[in-house]
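These notes concern the structure reproduced below.
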Amino acid sequence: MPINNAIQELQRQRLLLEIEYNCEKEAYRRQTETMGLARQVKRGDAWYPIRVGKSYWNSLNQLSLEVFRTDDEEITHNFEYGRPVCLFRVEEHEGKTEIRYAQHPGMVNYVDGDRLVMMLPDEATVVEWQQRDHVGIQLFFDETSYKLMFEALGRVMQAKGNRLAYLRDLFYSHQQVERFHFEPLRFPWLNVTQEQAVNEVLRAKDVLVIHGPPGTGKTTTLVEAIDETLRRESQVLVCAQSNMAVDWIAEQLVDRGINVLRIGNPTRVNDKMLSFTYERRFEAHPDYPQLWSIRKTIREMRGQRRKNGESYHQRLDRLKSRATEIELRIHHELMDSARVIASTLVGAANRLLDGQRFGTLFIDEAAQALEAACWIPIRRVSRVVFAGDHCQLPPTVKSIAALKGGLGKTLMERIVENKPEVVTLLQVQYRMREEIMRFSSREFYHGKVATAPQVSHRSILDYDEAITWIDTSDRNFHEAFVGETFGRINKEEAELTLDTLEQYYARIGKQRILDERIDVGIISPYRAQVQYLRRQIRKKEFFKPYRHLITVNTVDGFQGQERDIILISLVRANDEGQIGFLRDLRRMNVAITRARMKLIILGDAHTMTRHPFYRRLYEYVGAGSKEQDREQGAGGKGQENSP
C-alpha cells in the first residue's frame, strides 16, 4: 500500500475513533443524568454509600485518598487501576434528591476488596469529603485514554524517515518483511508449534504474530519468547489491553526469575503482585527515606503562613532541587535494572517512560485492542510481536456506526490479512476434551487445532458425553427486557440452568466435588441474566457448600479462564429468531472453549438454529450424543464415578 493510502486509512481510523468517543461521552452523560444511583451501583459503576478514610502522599508524591465500600451487596464492580473516578454526595433539597460531584476527578490507584485508593490532583481538598455523610464514588468518563489514542494516531501519520514511519508503511502494505536466518533452536519442553513460534520470534526483524487458539499455551510460548529475546537484548517492553492480562504475563515472567518493572498497579493486590510495581520498588529504594523527609519539609514550608523573605524561597528551591535529583537517581536505577517493563497499552504513555526506547515490544491480547491503542507503545520500539486470537473476543466498540465503519478491526487482524507469512499458529491444545475442541477447531481454525493425548478423553463421569444441549423450545420459555438499559433475561431458563447443575452435582457426589475442587463456570451473554443467576445461587441452600467453586459471569468476564464444567444460558427465545449480538460468533467460540471436561448449553433451539452456525452446533451435539449411545451400547452400561 502506498504511503498516502496508509495515511488515509489512519485518518479513517481517527474519524471512527471520534465517532466512538462522542458516542461514549453522550452515553455517559445520559447515564449520569437519567440512570438512578441504585442502578449504577448494581451495574458496578458506583459505590454508595462509602466511608472516606485517610489521605496521604504516596511514594510518587501523588495525593492519595482511601475510600471504603460499606454496603453488603456482593456486586462485581468495574473499578480498576487507571480508570477515572469522581466523588459525589447525595443531598435532599425541597423533597428532591440531588447528586453533587467533586470539583476534581481522580484516578483509581488500586482496589483491594472493599477498599479503593484514588489519586487526586495536588489542588484537591479532601477534608470536606472526610467529614460528610451520604458520599459515594463513581466511574467518570475516560477522556485521557481517548486523548492518548488520538495523539498516537497523529504521531504515526506525521512520522517521516524514522522507524515508526517504516513500521506504519510496512503494516499497511504487502511489502516483504525482513528476517534473520539461522538454524532453529531446540526447546524440548515445548511442543513443535510452540517451538516454531519462539524461533519465528527470534528471526523476525519487523513483526510477528503468534496466533494462539484456546488452550494452546499462548502465554507459555510468549514467556519463552520473551526469555529468549532477553538473551539478545538488554530490555523489552511488554503490554496488553487490560490490567489483568498485564498482571498474568508479568507474574509468569517473575516466576522465571526475570526482573519485571510494572508501570501501574495490579488488579489483584497482594504482596507478590505489588512487589514488582514501580511504586513499591521506588519506596523500597535505600534513598527513599531521605526523599520522603525532604518532601515532608517542602509541604510543611508551603503550609506556613509567612512565605516572604529571600531565605524562604532560596531554601525551598534548594530542597526542590535536591528532591528532584534523588527522584531522578532512583528512577534511572529502577529503569536500568529492569529487564522487562510491563504496562497496559495506554499505560505505555506514562511519563515514567519518557525517553525510553526498546528493541522489541510484545503485545498480548492484541486481538482485543483498538488499533489506536497499539500505536501508543509502538512509537518506542524497533519491532513488534503480537500475540492473541482474532477468532475470540474483539475490542469493545459501543458505537454501531464506528463498528460498521471498521473500528473493531485490530492492527493484528490487519497484519494477518496483509502478511500471512508472519503468522505462526499454535496447534496443540491442553485444556479440553477432544469433542469440545473439535467443533471450535473446525469452525474457526480450519481443523488445524488438535487435542493433546493426555486431555483428549478425560471426563468427570464415566461414559459421560462431553457436550449436552438442553433444548428449551418446548417449555414455553420467553426472554424479557429488564431495567433502564433493557437488558435481556430469561428467568425460567436461569432456573433450569441451576436445576441442571444441581442434578449433575448429585451424580458426582458432594464429597468428591469438594475433595477434587471440581469448579464450575456459568456463562450468559447478558449481564441481567448473570446478575439474576448470582442472586438465585445465593438464595439456594443446596449451593452453599459449593459457592467458592462456582463463578457466574458474562462471556467477556470469562475470557482467558477455564473450568471443569461450563453451563451456558443463551437467554434468547422469540418467534422471530432474533439473536442480537450472539451473531458475533467469536463470542460463542470463547464461551464453549472454557470447558475442560463438560459443556452444557441451555437454549431455545427453535430460535437459535435459524442461524447456520448454531444449527451446525446443535447438530454436532446431537451427533455426539448418538455416537455416545452407540459406544455405551457396545461396551455395556457406564458407571458413574460417584463416591
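Scope of the values below: all heavy atoms of this structure, side chains included, with no hydrogens, waters or symmetry mates.
The aromatic ring centres of His211 and Tyr445 sit less than 6.0 Å apart. For Phe79 and Trp47, the distance between ring centers is under 6.0 angstrom. For Tyr81 and Tyr110, the ring centers sit 6.0 Å or farther from each other.
A donor-acceptor pair under 3.5 Å is formed between the side chain of Asp564 and the backbone N or O of Asp519.
Between Glu327 and Leu291 the shortest side-chain heavy-atom distance falls below 4.5 Å. Taking the side chain as every heavy atom from C-beta outward, Gln392 and Val555 never approach each other to under 4.5 Å. Side-chain contact between Leu352 and Tyr278 is present, with at least one heavy-atom pair separated by less than 4.5 Å. When side chains are defined from C-beta on, Arg596 does not count as touching Val455, because their heavy atoms never get closer than 4.5 Å. Considering only heavy atoms from C-beta on, Phe171 comes within 4.5 Å of Ile378 through its side chain. Val223 is listed as a side-chain neighbour of Ile249, based on a closest heavy-atom distance under 4.5 Å. Annotation: side chain of Gln427 is not in contact with side chain of Thr216 (no heavy-atom distance under 4.5 Å). Contact annotation: the side chain of Glu417 approaches that of Lys409 to within less than 4.5 Å [non-hydrogen atoms, C-beta and beyond].
When the salt bridge (Lys or Arg N to Asp or Glu O under 4.0 Å) test is applied to Asp364, the partners found at least two apart in sequence or on another chain are Lys218. Not a single salt bridge (Lys or Arg N to Asp or Glu O under 4.0 Å) links Glu365 to another residue, sequence neighbours left out.
Arg433 and Thr451 share no side-chain donor-acceptor pair at under 3.5 Å. There is no side-chain donor-acceptor pair under 3.5 Å between Gln241 and Thr344. Under 3.5 Å, the side chains of Asn199 and Arg186 contain no donor-acceptor pair of N or O atoms. In the model, Asn243 has a side-chain atom that pairs as donor or acceptor with a side-chain atom of Glu80 under 3.5 Å. Side chains of Trp375 and Glu371: a donor-acceptor N/O pair is present below 3.5 angstrom, by distance only.
In this structure, Arg527 does not pair ionically with Asp556, as no charged nitrogen and carboxylate oxygen lie closer than 4.0 Å. Using a 4.0 Å cut-off between charged nitrogen and carboxylate oxygen, Glu224 and Arg256 count as a salt-bridge pair. A salt bridge links Lys272 with Glu251: at least one charged nitrogen is closer than 4.0 Å to a carboxylate oxygen. The residues Lys419 and Asp206 are annotated as not salt-bridged, no charged nitrogen and carboxylate oxygen being separated by less than 4.0 angstrom. The existence of a salt bridge linking Glu66 and Arg51 is excluded, since no basic side-chain nitrogen approaches an acidic carboxylate oxygen closer than 4.0 Å.
At most 12 non-hydrogen atoms from other residues, nucleotides or ligands lie less than 6.0 angstrom from CZ of Arg517.
Aromatic ring pairs are classed by plane angle as parallel below 30°, tilted from 30° to 60° and perpendicular above 60°; the pair Tyr146 and Tyr21 is perpendicular.
At least one cation-pi condition fails for Arg594 and Phe558: the charged atom is not both under 6.0 angstrom from the six-membered ring centre and inside a 45 degree cone around its axis.
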